[in-house]
A.B. asks: 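Could you have a look at this structure, given as structure tokens, before my questions?
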Amino acid sequence: MSLENRVLSKYIPEHIAIIMDGNGRWAKRIGMPRTFGHKKGSENLKDIALVCNEIGIKALSVYAFSTENWSRPKAEIDYLMALPAEFKEVFKGKFKDNDIRVIFSGRKDRFPKKVQELIIDVEEKTKERKGLILNICFDYGSYTEILDGVKEISKKFKKGDIKLDDITEDLMHDHLYTRELPRLDLLIRTSGEERISNFLLWQLAYSELIFVKKHWPAFNRKELFKALDNFQKRNRRFGGLKEDKS
Ligand code: FPP
């Protein structure tokens, strides 16, 4: 059986997350500027989102810009800030044809006005779509996400809208950016680094982690299927015991 058929005959994760690392190194290796790596990386994001949609994955969360990325050189930040606008044709074209919804997770208040407007517009225009939800984490940091959630819950507690015992895992989940998405099954990080880097810390509690050597622009359909195959071979216990007790 081919790799693809084997993977498709088994459990397909509902929600996967990707740290799209290595754009800069990929570009450097072929003697090109880092921004060329981001260009190829964003094209690759489009391709991988289409594959995820095709095989029935419900949500794909990607780390596109972290709360710490503001410390990069201005020219690189400007380039990354222009990517959502560059993607506009994809949102209206290929993603529309394939019913892919797009949401952005992150602070949203530090972007140039034009980027803020575009994000709101894309979320609004795609919100009725029923295919994959592409969750683009942009000015995203897990500490900020969790702290904002805790502050919201504290306000409700102070007002008397909730009691101490109402503060549960489910309530916390409902105060995260990912509240609409299924439980996170799998995180893939490209480019050989084995770190979480302030990404989806709460959501990752029982996810499988896969680190691959390929840089993000080179992480293609075959690499995705190899990662899914690896995921399907794992024995997820969620803190319990394996069924065969071995
Ligand atoms: C990490 O590689 C990658 C990023 C910081 C940016 C990733 C963004 C995209 C792939 C496109 C996002 C698309 C939209 C629509 C917003 P790096 O630059 O840290 O690479 P390096 O580790 O080799 O230096």
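Just so you know, ligand 1 is whichever comes first in the structure, and atom 1 is the first atom listed for that ligand.
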A.B. asks: Using distance alone, decide if ligand 1 has a nitrogen or oxygen within less than 3.5 Å of any nitrogen or oxygen in Asp21.
C.D. replies: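 Yes - when backbone and side-chain N and O of Asp21 are compared with those of ligand 1, one distance drops under 3.5 Å.
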A.B. asks: Should Gly24 be counted as touching ligand 1, given the test is an N or O pair under 3.5 Å?
C.D. replies: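 Min N/O separation from ligand 1 is below 3.5 Å for Gly24.
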A.B. asks: Assess the residue pair His175 and Lys156 against the criterion (side-chain hydrogen bond (donor to acceptor under 3.5 Å, both in side chains)); give the C-alpha distance rounded to whole Å, side-chain angles, the decisive distance to 0.1 Å, and a yes or no.
C.D. replies: CA-CA 12 Å; His175 287 78; Lys156 289 179 188 172; 2.8 Å; yes
A.B. asks: Looking only at heavy atoms, is any part of Arg34 under 4.0 Å from ligand 1, and if so is it the side chain, the backbone, or both, or is it neither?
C.D. replies: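 The answer is the side chain.
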A.B. asks: Got the closest protein heavy atom to atom 13 (C) of ligand 1, with its distance?
C.D. replies: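 Sorting protein heavy atoms by distance from atom 13 (C) of ligand 1 puts Leu45 CD2, 3.8 Å first.
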A.B. asks: Is it true that Arg72 lies under 4.0 Å from ligand 1, counting heavy atoms only?
C.D. replies: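 In this structure, Arg72 qualifies as a contact of ligand 1 - some heavy atom is under 4.0 Å.
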A.B. asks: With only distance considered, is Asn23 within less than 3.5 Å of ligand 1 through an N or O on each side?
C.D. replies: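 Yes: some nitrogen or oxygen of Asn23 is under 3.5 Å from one in ligand 1.
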A.B. asks: In terms of atom number and element, which parts of ligand 1 are under 4.0 angstrom from non-hydrogen atoms of His38?
C.D. replies: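 In order of numbering, the contacting atoms are 4 (C), 6 (C), 18 (O).
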A.B. asks: Hey, which atoms in ligand 1 end up nearer than 4.0 Å to a heavy atom of Arg25?
C.D. replies: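 Near Arg25, meaning under 4.0 Å from one of its heavy atoms, ligand 1 has 21 (P), 22 (O), 23 (O).
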A.B. asks: Using the six-membered ring wherever Trp is involved, compare the ring planes of Trp216 and Phe219 and label them parallel, tilted or perpendicular (cut-offs 30° and 60°).
C.D. replies: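 Trp216 and Phe219: parallel rings.
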A.B. asks: Who's the nearest protein heavy-atom neighbour of atom 12 (C) of ligand 1, and how far?
C.D. replies: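 Here the nearest protein heavy atom works out to Ala64 CB, 3.7 Å.
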A.B. asks: Kindly assign one of parallel, tilted or perpendicular to the pair Tyr11 and Phe231, based on the angle between their ring planes and the thresholds 30° and 60°.
C.D. replies: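 Answer is tilted, since the angle falls between 30° and 60°.
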A.B. asks: Answer with side chain, backbone, both or neither: which part of Lys40 has a heavy atom less than 4.0 angstrom from an atom of ligand 1?
C.D. replies: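 Neither part.
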A.B. asks: Look at atom 1 (C) of ligand 1 and say which protein heavy atom is nearest, naming residue and atom and giving the distance to 0.1 Å.
C.D. replies: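 Checked against all protein heavy atoms, atom 1 (C) of ligand 1 sits closest to Met20 O, 3.3 Å.
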A.B. asks: When you look for heavy atoms under 4.0 Å from ligand 1, do you find them on the side chain of Phe138, its backbone, both, or neither?
C.D. replies: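 Side chain only.
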A.B. asks: How are the rings of Tyr63 and Phe199 set to each other: parallel, tilted or perpendicular (split at 30° and 60°)?
C.D. replies: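 Ring orientation of Tyr63 relative to Phe199: parallel.
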